[in-house]
Amino acid sequence: MSNEPITLTAGDAEATVLPGNGGRIGGLRVGGAELLRQGERYGCFPMVPWCGRIREGRFRDGAVVHQMPLNSPPHAIHGTARDAAWRTARVTADEAVLTYDLTDPWPYSGRVTQVIALTGDALTLTMSVETYESSFPAQIGWHPWFNRTLDGTGVEIAFDPAWQEERGDDHLPTGNRIDPKPGPWDDCFGMPDGVDVTLTWPERLELKVTSREEWVVVYDEQEAAVCVEPQTGPPDGLNTLPRLVTPLEPLEATTTWRWTRL
């Protein structure tokens, strides 16, 4: 199938999926209100095969050190798949399945599958990385840009993390866990019982971002949008907390955005 834009509908919710632009969600409209920041770099993109920054673009796998392109100098950021065209494997009225085959500059072969499922009150995103050859470290996650305002109403962020990863001057975790600090943030937090973050536009909409994963990056240091990014490990996790993809064990994660009108 082609990588043309896909429109999913359920109730009064409509999601636009852009396989040709990094497999991202280009828009999510609920009752006519657009929840995601618009623009070819925004919406919500999958982060794979790593999330956030890799220090100086280098990660170690056993005795081998791999160098990724420094697309956020001096670091590499957010994986390779957001810059690629994905393939549409299957589409129904309310669900799309996309695939992406890992390739250069990533040094390992593998297939990423993303399932985007829409209901009248939720969007669920599921991603997996499989390999049939050599095992490799990887991370997966999502980077949504939620509009800061809906019809002039500003968003409020509420969550209760167990800790915050101390951030160094290089924007990477130092390895120390600290008590959560007040925002604004471009920070990674630990939620051992699963990611649970609530965005509220008072008198308009409440949206809960949940995931079984225990890591979330919250980024609200810019005017147009706020980002709530569930992921399978912290920034630079390929080096500090690698999750291994093996022929017997894929890496899988899911996040759900559920909304309620206020």
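Every value quoted in this text rests on a predicted model; they were computed, and no experiment measured them.
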Query - Thr254 side chain near Leu125 side chain, heavy-atom distance below 4.5 Å - result: no
Query raised in the report: Centres of the Trp142 and Trp215 rings: under 6.0 Å?
Result: no
Query raised in the report: Is a side-chain N or O of Thr88 found less than 3.5 angstrom from the main chain of Leu98, in a donor-acceptor match?
Result: no
Query raised in the report: Does Leu35 share a hydrophobic cluster with Phe159, counting links as ILVMFWY side-chain heavy atoms below 4.5 Å and allowing steps through other members?
Result: yes
Query raised in the report: Strictly by modelled atom types, are Asp101 and Thr99 linked by a side-chain donor-acceptor pair under 3.5 Å?
Result: no
Requested in this report: Decide whether Val226 and Leu36 are clustered together by the hydrophobic rule: side chain heavy atoms of Ile, Leu, Val, Met, Phe, Trp, Tyr closer than 4.5 Å, transitively.
Outcome: yes
Query - Donor-acceptor contact present, side-chain Gln231 to main-chain Gly233, <3.5 Å - result: yes
Query - Whether Phe59 and Trp106 hold their rings parallel, tilted or perpendicular, with breakpoints at 30° and 60° - result: parallel
Query raised in the report: Taking the side chain as C-beta and beyond, is there a heavy-atom pair between Leu241 and Pro234 under 4.5 Å?
Result: yes
Query - Ile6 side, atom CD1; Glu95 side, atom CD - distance, nearest 0.5 Å - result: 11.0 Å
Query raised in the report: Is the shortest heavy-atom distance from the side chain of Asn21 to the side chain of Glu40 under 4.5 Å?
Result: yes
Query raised in the report: Between the side chain of Asp12 and the main-chain N/O of Val30, is any donor-acceptor distance below 3.5 Å?
Result: no
Query raised in the report: So, the side chain of Thr131 versus the backbone of Ser109: is there a donor-acceptor pair under 3.5 Å, distance only?
Result: yes
Report task. Name the orientation class of the two ring planes belonging to Phe136 and Tyr108 (parallel below 30°, tilted from 30 to 60°, perpendicular beyond 60°). Result -> parallel
Report task. Kindly compute the distance separating CG (Asp94) from OG1 (Thr7), expressed to the nearest 0.5 Å. Result -> 13.0 Å
Report summary line: Value for CZ (Arg37) from SG (Cys227), rounded to nearest 0.5 Å, stands at 9.0 Å
Report task. Find out whether Ile140 and Val112 are in side-chain contact, i.e. whether some heavy atom of one side chain is under 4.5 Å from a heavy atom of the other. Result -> no
Query raised in the report: Could you give the distance from CG (Leu244) to CG (Leu251), rounded to the nearest 0.5 Å?
Result: 9.5 Å
Query raised in the report: Which pair of non-hydrogen atoms, one from Ala15 and one from Leu28, has the smallest distance, and what is that distance?
Result: CB-CD1, 4.1 Å
Query raised in the report: Does atom CD of Gln67 have more than 12 heavy-atom neighbours, drawn from other residues, nucleotides or ligands, at distances under 6.0 Å?
Result: yes
**Report entry** Nearest-0.5 Å distance that lies between atom CD1 in Ile54 and atom OG in Ser72
**Finding:** 11.5 Å
Query raised in the report: Between Glu252 and Thr126, does a side chain to side chain contact (heavy atoms under 4.5 Å, CB included) hold up when you go through it step by step?
Result: CA-CA 7 Å; Glu252 300 176 321; Thr126 303; 5.9 Å; no
**Report entry** Smallest separation among heavy atoms of Tyr42 and Gln38, with atom names
**Finding:** CD1-O, 3.5 Å
Query raised in the report: Which heavy-atom pair separates Pro46 from Gly23 by the least distance, and what is that distance?
Result: CD-O, 3.6 Å
Query raised in the report: Would you call Glu165-Arg177 a salt bridge at under 4.0 Å N-O?
Result: yes
Query raised in the report: Can you name the closest pair of heavy atoms from Pro49 and Thr80 and give their distance?
Result: CD-OG1, 3.4 Å
Query - Minimum side-chain heavy-atom gap Gln222-Trp145 below 4.5 Å - result: yes
Query raised in the report: Taking the side chain as C-beta and beyond, is there a heavy-atom pair between Cys51 and Val217 under 4.5 Å?
Result: no
Query raised in the report: Between Gln139 and Gly237, which heavy-atom pair has the shortest distance, and what is it?
Result: NE2-CA, 3.7 Å
Report summary line: The reported gap from CZ in Arg82 to CZ in Arg41 (rounded to nearest 0.5 angstrom) is 7.5 Å
**Report entry** Side-chain donor/acceptor of Asp220 to backbone N/O of Trp185, under 3.5 Å
**Finding:** yes
Query raised in the report: Between Val129 and Val48, is any pair of side-chain heavy atoms under 4.5 Å apart?
Result: yes
Query raised in the report: Between the side chains of Asp121 and Thr119, is a donor N or O closer than 3.5 angstrom to an acceptor N or O?
Result: yes
Report task. Report the C-alpha separation of Ile25 and Ile116 in whole Å, then their side-chain angles, then the decisive distance to 0.1 Å, and conclude whether the side chain to side chain contact (heavy atoms under 4.5 Å, CB included) test is met. Result -> CA-CA 9 Å; Ile25 314 300; Ile116 301 120; 3.8 Å; yes
Query raised in the report: Going hydrophobic residue to hydrophobic residue with side-chain gaps under 4.5 angstrom, can you get from Tyr219 over to Met191?
Result: no
Requested in this report: Is it possible for you to say whether Leu238 and Met47 belong to one hydrophobic cluster, with membership spreading through side-chain heavy-atom contacts below 4.5 Å?
Outcome: no
**Report entry** Donor-acceptor pair, side chain of Asp186 and main chain of His171, under 3.5 angstrom
**Finding:** no
Query raised in the report: Between Leu102 and Trp50, is there a shared hydrophobic cluster once you connect ILVMFWY residues whose side-chain heavy atoms come closer than 4.5 Å?
Result: yes
Query - Heavy-atom donor-acceptor pair, Glu229 side chain to Gly141 backbone, under 3.5 Å - result: no
Query raised in the report: Can you name the closest pair of heavy atoms from Glu56 and His75 and give their distance?
Result: N-ND1, 3.0 Å
Query raised in the report: Is the backbone N or O of Trp259 less than 3.5 Å from a side-chain atom of Trp257, with the two atoms forming a donor-acceptor pair by type?
Result: no
Report task. Check the pair Arg261, Leu205 against side chain to side chain contact (heavy atoms under 4.5 Å, CB included), reporting the backbone distance first and the verdict last. Result -> CA-CA 5 Å; Arg261 290 165 185 75; Leu205 197 76; 4.1 Å; yes
Report task. Using modelled atom types only, decide if a donor and an acceptor are shared between the side chain of Asn239 and the backbone of Arg58 within a distance under 3.5 Å. Result -> yes
Requested in this report: Give a yes or no answer on whether the side chain of Asn147 reaches the backbone of Glu34 with a donor-acceptor pair at less than 3.5 Å.
Outcome: yes
**Report entry** Stepwise side chain to side chain contact (heavy atoms under 4.5 Å, CB included) test for Thr198 and Glu206
**Finding:** CA-CA 7 Å; Thr198 301; Glu206 178 186 278; 3.5 Å; yes
Query raised in the report: Just wondering, do Val155 and Phe146 contact through their side chains at under 4.5 Å, heavy atoms?
Result: no
